[in-house]
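Working notes, beginning with the structure itself.
All values reported here derive from a predicted model rather than from experimental measurement.
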Number of protein chains: 2
Amino acid sequence: MKARSHHHEEQHLTERLGTTGLRLTPQRQQVYDVLVSKRDHPTAEEVFIRAKKAMPEISHATVYNCLDALVKSGLARQVQLERGATRFCPNMHEHGHFHCSDCGMIYDVDLPHELPCVAVPRGFRADGFDVTIHGLCAECAKQK
Amino acid sequence: MKARSHHHEEQHLTERLGTTGLRLTPQRQQVYDVLVSKRDHPTAEEVFIRAKKAMPEISHATVYNCLDALVKSGLARQVQLERGATRFCPNMHEHGHFHCSDCGMIYDVDLPHELPCVAVPRGFRADGFDVTIHGLCAECAKQK
DNA sequence: TTGCACTTTAGAATTATTCTAAATCTTGAC
DNA sequence: GTCAAGATTTAGAATAATTCTAAAGTGCAA
């Protein structure tokens, strides 16, 4: 069962990376595994630290390369929330992010199924969007 | 007329800054003027360069301080779009940002008046949101 | 008019990201 | 199979973005 789902994942990665002319490498697999196994929107640096545990020779630049590869082929999203490091998210379903301005934690939130159409200027071509909500998470809201 | 609106602006800045216990200083005024006079969502570095023209002794750290002060008191918004420098926007009306993934230009876009309610987890307190649309601007779309 | 809190300044320090050049791996043509 | 071409990884240097620090300046209130 485990092996089977693992095989499926591998196939999925190979397929998606293929659409951008990229290969599935052990490093890309590893970086993807890091993202999937703890969905706390880690920074590249955090991904590096976690990936290093399983693959001690992996380098900094490779982690950035891998993250870029995953983003380019639609396997992960970059999440830009505040000044400082960019974060990454392997959840490719349509969703928004809630950012607690106190503790900094990030939560995925569902977006309404029917989203209103945003009018973009004539000639512009939109192909995606990000929604971020700012506020306090339950923990931090309680403490105020 | 010019003087009058200038006076109004000053009053407005003093007032808004006051709500956060901050003062209106020549530097903060200058940084705000930079944001307002060319609404191209400049980075802190760009603000620094522009502010320096009118106020050659202004320092890097001060620009960051001033931008933070403006953001804290609701006179400007930080816009986080991609890896790299944070950008700033003095348009405090409800709006979204269109980011051209080709030329990198950023445009303000109107959001529909009636926005759907996003369900946040129990106990969470939301107090703002950002919407960013990715795609190609008219110029770049034409070239493809 | 003195003191205190707030600000600014220059420059150092830190953090985040990208670049570089050499080594390694993969793949397809032969 | 073997080799060249291209893709990928690596360590570490370089660059970019941001924050910190300590000293000096400013202005208001007692």
Side-chain angles (χ1 to χ4, degrees), chain A residues 10 13-14 16-34 41-73 75-76 78-88 104 106, chain B residues 10 13-34 41-52 54-73 75-76 78-88 104 106:
Chain A
E10 213 171 278
L13 292 185
T14 305
R16 299 305 287 116
L17 286 163
T19 63
T20 0
L22 301 166
R23 292 185 199 139
L24 177 57
T25 64
Q27 289 83 351
R28 286 172 181 164
Q29 174 80 253
Q30 178 59 49
V31 165
Y32 187 70
D33 286 352
V34 165
H41 305 85
T43 63
E45 180 65 22
E46 282 160 355
V47 172
F48 174 63
I49 292 166
R50 295 179 198 174
K52 232 174 148 62
K53 290 204 181 118
M55 195 180 258
E57 345 62 39
I58 199 170
S59 84
H60 221 153
T62 298
V63 168
Y64 276 92
N65 282 346
C66 291
L67 288 168
D68 285 348
L70 295 176
V71 169
K72 276 210 200 84
S73 43
L75 287 159
Q78 280 193 20
V79 190
Q80 239 66 39
L81 290 167
E82 34 169 15
R83 269 190 266 181
T86 301
R87 294 171 174 277
F88 295 86
I106 299 158
Chain B
E10 213 171 278
L13 292 185
T14 306
E15 219 167 80
R16 298 305 286 118
L17 286 164
T19 62
T20 0
L22 302 167
R23 293 188 198 135
L24 178 57
T25 64
Q27 290 84 351
R28 285 171 183 167
Q29 175 80 254
Q30 178 59 48
V31 165
Y32 187 70
D33 286 351
V34 165
H41 306 85
T43 62
E45 181 64 24
E46 281 161 355
V47 172
F48 174 63
I49 291 166
R50 294 179 199 174
K52 231 174 149 64
M55 194 179 259
E57 344 65 38
I58 200 170
S59 84
H60 221 151
T62 298
V63 169
Y64 276 93
N65 282 345
C66 292
L67 288 168
D68 284 347
L70 295 176
V71 169
K72 277 211 199 84
S73 43
L75 287 158
Q78 283 192 18
V79 190
Q80 237 67 40
L81 290 167
E82 33 168 15
R83 269 191 266 183
T86 300
R87 294 170 173 279
F88 295 86
I106 299 158

Round to a whole Å and report the spacing from CZ of A:F48 to P of C:dT18.
15 Å

With a 4.0 Å limit, can you tell me whether B:Q27 has a side-chain N or O closer than that to the phosphate oxygens OP1/OP2 of C:dT9?
yes

Does A:T25 put a side-chain nitrogen or oxygen below 4.0 Å from OP1 or OP2 of D:dT8?
no

Send over the distance from B:L22 CG to C:dA5 P, rounded to a whole Å.
16 Å

Euclidean distance, atom CD of residue B:E82 to atom P of C:dT18 [Å, nearest integer]:
10 Å

From CZ of A:F88 over to C1' of C:dA16, roughly how many Å is that when rounded to an integer?
11 Å

Per A:I58 side chain, nearest of listed nucleotides D:dT10, C:dT18, C:dT9:
D:dT10

Minimum-distance nucleotide (side-chain atoms of B:A61 versus D:dT18, C:dC19, C:dT9)
C:dT9

Under-4.0 Å side-chain N/O to phosphate OP1/OP2 contact, A:Y64 with C:dT17
yes

Just the rounded figure in Å: distance from P of C:dG11 to CD of B:E57.
14 Å

Using a heavy-atom cut-off of 4.0 Å across all strands, would you classify B:A85 as base, sugar-phosphate, or nothing?
sugar-phosphate

Does A:P26 or B:C66 map to a spot on DNA chain C nearer the 5' end, using the closest nucleotide for each?
B:C66

Between P of C:dA12 and NE2 of B:H60, the distance in whole Å:
14 Å

Is the phosphate of C:dT26 approached by A:R23 (side-chain N or O, under 4.0 Å from OP1 or OP2)?
no

Value rounded to 0.5 Å, distance of CG in B:L81 from OG1 in B:T43
12.0 Å

Counting the atoms with a prime plus P, OP1 and OP2 as sugar-phosphate, which does A:E45 contact under 4.0 Å by heavy atoms, base, sugar-phosphate, or nothing?
nothing

From CG (A:N65) to CG (A:L70), nearest 0.5 Å:
11.0 Å

Apply the test side chain to side chain contact (heavy atoms under 4.5 Å, CB included) to residues B:R28 and B:L13: give CA-CA distance (whole Å), side-chain angles for both, the deciding distance (0.1 Å), then the verdict.
CA-CA 9 Å; B:R28 285 171 183 167; B:L13 292 185; over 6 Å; no

OP1 or OP2 of D:dT18 versus the side-chain N and O atoms of B:T86: is any pair under 4.0 Å?
yes

Yes or no on side chain to side chain contact (heavy atoms under 4.5 Å, CB included) for A:Y64 and B:R83, after CA distance, side-chain angles and deciding distance?
CA-CA 11 Å; A:Y64 276 92; B:R83 269 191 266 183; 3.0 Å; yes

Working to the nearest 0.5 Å, report the span between OG1 of B:T86 and CD of A:Q80.
8.5 Å

